[in-house]
Amino acid sequence: MSPILYAATGAVLVGIGVFGLLARTHLLRRILAFNVIGSGIFLAFGGLGSRGPGSGVDPVPQAIVITGIVVALAATALAVTLVTRLFEETGAVTLPGEHPAEGPDAS
Amino acid sequence: MLPDLLAVGVPWAVASIVLPLAVALAAIALGPHARHLVLPGALLGAVIALAAAAQVLAHGAWHHAVGGWLPPLGIRLRLDGLAASFLVATAVVACGVAGFSRRLFEPSARRETRAGFAFWPLFFVMWAGLNAVFLGADLFNLYVALELLTLTAVAMVALDGKAETLAAAIRYLLFALLGSLAYLLGVALLYARYGALDLGLLRAAAVPDAITLAAGAIMTAGLMAKTAIFPLHGWLPPAHAGAPTPASAMLSALVVKASFYLIARLWFDVLPAAATVETSQLFGALGAGAIVFGSLLALRQEQLKLVIAYSTVAQLGYLFLMFPLTGSAAAPQPWAAAAWTGGMFHALAHAPAKAAMFLAAGLMIKACGDGRLAPLAGIGRDLPIACFAFGLAAVSLMGLPPSGGFTAKYLLLTAALASGQWWWALAILAGGLLAAAYLFRVLNRFLIAPAEAAPRVAVARRDQAIALALAGVSILLGLASLVPYQLLQIGRPAAAVGGLS
């Protein structure tokens, strides 16, 4: 199991997340997409800490990923609060001018 | 001031981050009494910023290893002329906004308002975040500072909780978060390649290979989304125009500059080796596009605050002309240093001018009870000081002498002509003319006689005077440009003289 596997999985997650952020209009889905991108970057970053078998792990990426997770949590909390308030004020779950797509987003 | 207070090693840089954070925490604890902290806190912040600038003027640029830990393990702060001048600009605008808002968010006799409680902690954390960005010398620490800035800025936009501003805040948040993640991805790639996050270590190690270029491109794209450079500017006007007036001033004057500042640090300080003529010209093209489209859209707005917000989109464009105008090391430009200084000077001069304009506009809107341009007819008679402040700020934005905006645009224009890149000179001149067009359209409205006497709400002279003082600073930057000019030269990156790449 090499760091490449982590990096590749991370890249796939970033791709899925970016697609979700751009293609979906439901704001909760977009917040989830943001978290998927973040997880992908953290996974790749964590995998970079590997220095090969038997030589331990570089602690810097781990410290950074933990900080990054805290920042992402704060951002997600703020985003969810704003979306909840928008729903209470207007009943909308998308930004004005964007309509929920047919299909999986329709709910 | 005692000379030993300015010696190298006196941690003014650390104080400029710690003080606003401490005031923010105290403001949360004090709740409705927080407003008594505001003026002492803001003035102390200004003293610290001035002391940091004096320290740089006296002893040159230096690094502060936080906690005594040296890189690669520790995190350093870098205090040079550029950082110090942004600290001072931030302090000037913040003091103006603090004085302006002190009574705006005063709790009513009955109960504390939500905006009144949230504004001051957000304001001071934003100040700390700005200072942390300007002083940061570590890519990941800069990411944390940027996020601090994003979260406070978005919360400020949403402060009044109306449906339109909530939507504007969410749109801003989506852009900003995608931008932050792109930046973080670039940081991860650079760490994987070089095993360092400190800017100095990276500059020493950086080579123009594919990973470095990819990382630089991803980080720049993310930061551009946060700076709202054309064509990523869509989120800015509704967010900046919809925010409460003091928040608009902070956002337009300072917050968008922080991510621009990082782009400039990245290319001039860290990766000058990776820049090519094509990337520089692309940055310039985006800047020119911002100038023209932002100005044209500003001409078409019917809301006063939207005119000012689109003007921010246009004025941010000038900053990106700095990249092509410094040229490249392969083809050194005789005026490269002027281009770099002009770009930075523009960022500094725009800050007080735009803050003054938003504060003056806020007072006029309060007096009319209407944000549209039409009811402002003849407001020059009712709010003469605010209108004068708007006019002075407009002088700086148009780039007329003797303002700070003139000095900046003159330096950029000279660099464009001296380097033979006349097409950027055209963009600069067109931007000045268009700025005159959209600002005179507004100023004209202030001065014409109203059809019938409109009812106006009284506005305190002191609030108008604060807007005037900030506008005065932007003019003063042109009249007394020598000291800031000298300050900017201290610790200037080599690429600013020798050209990128």
Return the option, out of A:T81, A:V14, A:T67, A:V70, with the maximum number of heavy-atom pairs under 4.5 Å with chain B. A:T67
Step by step, would you call B:L297 with B:V313 a side chain to side chain contact (heavy atoms under 4.5 Å, CB included)? CA-CA 10 Å; B:L297 285 168; B:V313 173; over 6 Å; no
Which atoms of A:V83 are under 4.5 Å from chain B, going by heavy atoms: the side chain, the backbone, both sets, or neither? both
Check the angle between the aromatic planes of B:F124 and B:W127 and answer parallel, tilted or perpendicular using the 30° and 60° thresholds.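 Taking B:W127 first and then B:F124, their aromatic rings lie parallel (interplane angle under 30°).
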Heavy-atom distance under 4.5 Å to chain B: side chain of A:L27, backbone, both or neither?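 Contact with chain B involves the side chain of A:L27 alone.
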Test item: side-chain donor near acceptor, B:H240 and B:S252, under 3.5 Å: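 Short answer, yes.
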Residue A:L82 versus chain B: region with a heavy atom under 4.5 Å: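 Contact with chain B: backbone and side chain both.
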Is there a donor-acceptor contact under 3.5 Å linking the side chains of A:T25 and A:T94? no
Contacting region of A:A44 [heavy-atom separation from chain B under 4.5 Å]: neither
Taking the side chain as every heavy atom from C-beta outward, state whether B:L189 and B:M219 have any atom pair closer than 4.5 Å. no
Contact class of B:L148 relative to chain A, heavy atoms under 4.5 angstrom: neither
Between B:Y143 and B:D138, is any side-chain donor less than 3.5 angstrom from a side-chain acceptor? no
Among B:I170, B:L174, B:L173, which has the most heavy-atom pairs under 4.5 Å with chain A?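 Most heavy-atom pairs under 4.5 Å with chain A: B:I170.
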